[in-house]
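Just the heavy atoms: all of them, side chains too, but no hydrogens, waters or symmetry mates, feed the values below. Naming: A, B, ... by sequence-line order, numbering from 1 per chain.
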Amino acid sequence: MPELPEVETVKRSLEPLIKGEQVINAKINYPNLLKNSSSEKFEEKLEGQIFSSICRRGKYLMFNFDSSLKMIVHLGMSGQLRYEKKNTDPKKHTHVFLELDSEYELRYVDVRKFGRIYIGTYDEVINESSWHKLGPEPLSKEFSFEEFFQVLNDYPKKKIKAVLLDQHAIAGIGNIYADEMLFRSKIHPRSLSGSIPKEIAKKLYKQMREVLKLGIENHGTTLNDYVDGLGDEGSFQFSLKAYGREGQECEYCSQEISKIKVAGRSTHICTNCQVKYC
DNA sequence: CCGTTCCTGGAT
DNA sequence: ATCCAGGAACGG
């Protein structure tokens, strides 16, 4: 579910709601979500903590408190963080309850249980998650085209789609947005990263930033179950040009969009428009 | 580089 | 019954 735009939307929806709120009770009932802590320690560390802010890096969220404690959450494929009233029935597959000093609580819901939660000091959570190994933030001002082009050339023989999906190369891009940016820049996903001409890479850089920005502006893509902290769906699914459109017309040339497998992931392309550089 | 694995549920 | 799904670590 959640790629950079969805995770950013969750952050933006949640931060104003929980800022300054105190956790008066913490409960986790699926311990495997915790990668560096027992359930008991997790609950114990959180109780009494006051939320101060949330920051996002790639697809990770870091929760800050009025103390040195940090909590990192990765939503995996189907994770949701929901701000809900305590007296409401939790959705099925709710694994974590952070009861706040109000009528609300922060709940973590995850059908497939691929999510991960880390708790501890900054150094602990950074090192125990993969946060410290993440590549550059694709939307940051400092991430110039020259730097992007360098990343492509750091993996010269790797397929461009695999590079875009590699969180160590660039942080935050997932299967949907990778297909969208490749479609819009008319690059075949099996192109070798190091073989893409500079002028073409420039298009990809521009579309990478454009697509992610549009994703955020549209509050993410809701295909199945993605929602933000308030349970609201995104709307970028209505603007997708490639992902999930197999059999439909390419908006540039009217040929049918096809679905293939690249880097082990389902991939949507127009074989007529997207050029393969090898 | 690929396949497998962690899970559940919806579609076919 | 089988395949597939927005992620990513791991082993060969």
Side-chain angles (χ1 to χ4, degrees), chain A residues 1-10 28-36 56-61 72-81 90-96 108-118 127-135 154-183 189-194 211-212 214-216 218-228 233-247 259-268 278:
Chain A
M1 146 181 74
E3 307 181 31
L4 188 155
E6 289 74 37
V7 177
E8 177 65 23
T9 304
V10 170
I28 177 159
N29 53 35
Y30 185 72
N32 288 351
L33 283 173
L34 301 174
K35 296 305 168 187
N36 73 339
R56 180 194 59 75
R57 182 85 171 80
K59 300 173 192 171
Y60 288 86
L61 289 173
I72 287 181
V73 178
H74 190 293
L75 300 171
M77 203 79 115
S78 56
Q80 303 177 341
L81 280 163
K91 298 198 55 171
K92 202 177 171 185
H93 308 293
T94 301
H95 310 303
V96 181
Y108 179 77
V109 185
D110 191 350
V111 177
R112 295 180 67 186
K113 302 175 175 169
F114 289 168
R116 294 186 292 286
I117 301 177
Y118 302 84
N127 290 311
E128 288 154 2
S129 69
S130 292
W131 180 290
H132 67 303
K133 296 182 200 154
L134 291 173
D154 288 342
Y155 304 88
K157 296 290 185 191
K158 203 160 156 174
K159 289 176 191 125
I160 183 61
K161 173 146 179 182
V163 174
L164 293 173
L165 291 176
D166 184 345
Q167 304 302 300
H168 308 309
I170 303 169
I173 299 171
N175 207 30
I176 298 175
Y177 294 92
D179 279 6
E180 292 302 305
M181 58 188 76
L182 288 167
F183 175 81
R190 287 187 180 132
S191 297
L192 299 187
S193 187
V211 160
L212 294 173
L214 285 172
I216 295 172
N218 286 276
H219 306 292
T221 302
T222 299
L223 293 181
N224 294 314
D225 49 19
Y226 163 72
V227 290
D228 71 8
E233 298 186 344
S235 58
F236 196 59
Q237 62 276 18
F238 303 118
S239 303
L240 297 177
K241 298 174 188 287
Y243 189 90
R245 297 193 68 250
E246 63 270 25
K259 185 172 169 182
I260 61 173
K261 211 88 172 169
V262 181
R265 311 295 300 279
S266 70
T267 298
H268 309 75
C278 287

Euclidean distance, atom CE of residue Met77(A) to atom C1' of dT5(B) [Å, nearest integer]: 12 Å
With respect to the side chain of Asn175(A), which nucleotide from dC7(B), dG9(B), dG7(C) is positioned closest? dG7(C)
From CZ of Arg116(A) across to C1' of dC7(B) the rounded distance in Å is 13 Å
Using a cut-off of less than 4.0 Å, is there contact between a side-chain N or O of Ser78(A) and OP1 or OP2 of dT8(B)? no
Parallel, tilted or perpendicular: which describes the rings of His268(A) and Tyr243(A), with under 30° parallel and over 60° perpendicular? tilted
For the side chain of Lys113(A), starting at C-beta, report the closest nucleotide among dA9(C), dG6(C), dT8(B). dT8(B)
Heavy atoms of Glu6(A) and Tyr226(A) approach each other most closely as O-OH, 3.2 Å
Would you say Lys59(A) reaches dG6(C)'s phosphate, i.e. side-chain N/O to OP1/OP2 under 4.0 Å? no
In whole angstrom, what separates Leu75(A)'s CG from dA8(C)'s C1'? 14 Å
Mark yes when over 12 heavy atoms from residues, nucleotides or ligands other than His219(A) sit less than 6.0 Å from its NE2; otherwise mark no. no
Tyr155(A) near the nucleic acid: base, sugar-phosphate alone, or nothing, with a heavy-atom cut-off under 4.0 Å? nothing
Check whether any side-chain N or O of Lys159(A) sits under 4.0 Å from OP1 or OP2 of dC2(B), and answer yes or no. yes
Suppose you measure atom C1' in dA5(C) against the same atom in dC1(B); what distance do you get, rounded to whole Å? 23 Å
Is the distance from OP1 or OP2 of dA9(C) to the nearest side-chain N or O of Ser130(A) less than 4.0 Å? yes
Which pair of heavy atoms, one from Asn175(A) and one from Glu3(A), lies closest together, and at what distance? N-OE2, 3.4 Å
Would you please confirm or rule out a distance under 4.0 Å between OP1 or OP2 of dC1(B) and any side-chain N or O of Lys157(A)? no
Applying a 4.0 Å non-hydrogen cut-off, can you work out what Lys261(A) is touching in the nucleic acid: base, sugar-phosphate, or nothing? sugar-phosphate
May I have the distance from His168(A) (atom NE2) to dA8(C) (atom P), rounded to whole angstrom? 9 Å
Separation of dC3(C) atom P from Lys259(A) atom NZ, nearest Å, is 14 Å
Which nucleotide wins on minimum distance to the side chain of Val111(A), given the candidates dA5(C), dG9(B), dA9(C)? dG9(B)
Has the side chain of Asn224(A) got a donor or acceptor atom sitting under 3.5 Å from an opposite partner on the base of dG6(C)? yes
Contact class for Lys35(A) (heavy atom, under 4.0 Å): base, sugar-phosphate, or nothing? nothing
Could you tell me how far apart Gln167(A) (CD) and dA9(C) (C1') are, to the nearest whole angstrom? 12 Å
Under the 3.5 Å rule, do the base of dA5(C) and the side chain of Arg112(A) count as making a donor-acceptor pair? yes
Without swapping roles, check the side chain of Gln237(A) against the backbone of Thr222(A) for a donor-acceptor pair under 3.5 Å. yes
Whether Phe114(A) stacks on the six-membered ring of dG7(C) base, 5.5 Å and 30° limits: yes
For nucleotides dG6(C) and dA11(B), find the distance between their P atoms and express it as a whole number of Å. 16 Å
On the nucleotide dA8(C), are OP1 or OP2 found under 4.0 Å from the side-chain N or O atoms that His74(A) carries? yes
Nucleotide paired to dG6(C) in any strand shown, Watson-Crick or G-U, under 3.5 Å: none
Residue that, paired with Leu240(A), satisfies side-chain contact (heavy atoms from CB on, under 4.5 Å) out of Ile176(A), Asp179(A), Val211(A): Ile176(A)
Take the protein atom NE2 of His93(A) and the nucleotide atom C1' of dC7(B), then report the distance between them rounded to whole Å. 10 Å
By nearest atom, which of the nucleotides dA8(C), dT8(B), dG6(C) is closest to the Leu223(A) side chain? dG6(C)
Could you check how far CG of Leu165(A) sits from P of dG6(C), rounded to whole Å? 10 Å
Can you tell which of dA5(C), dG7(C), dA9(C) lies closest to the side chain of Tyr243(A)? dA5(C)
Pro5(A) to Leu212(A) - nearest heavy-atom pair and separation: CG-O, 3.8 Å
dG6(C) OP1/OP2 closer than 4.0 Å to side-chain N/O of Ser266(A): yes
Should Tyr30(A) be listed as having a side-chain N or O under 4.0 Å from OP1 or OP2 of dC7(B)? yes
I want to verify a distance call: between dG7(C), dG6(C), dC7(B), whose nearest atom is closest to the Asp225(A) side chain? dG6(C)
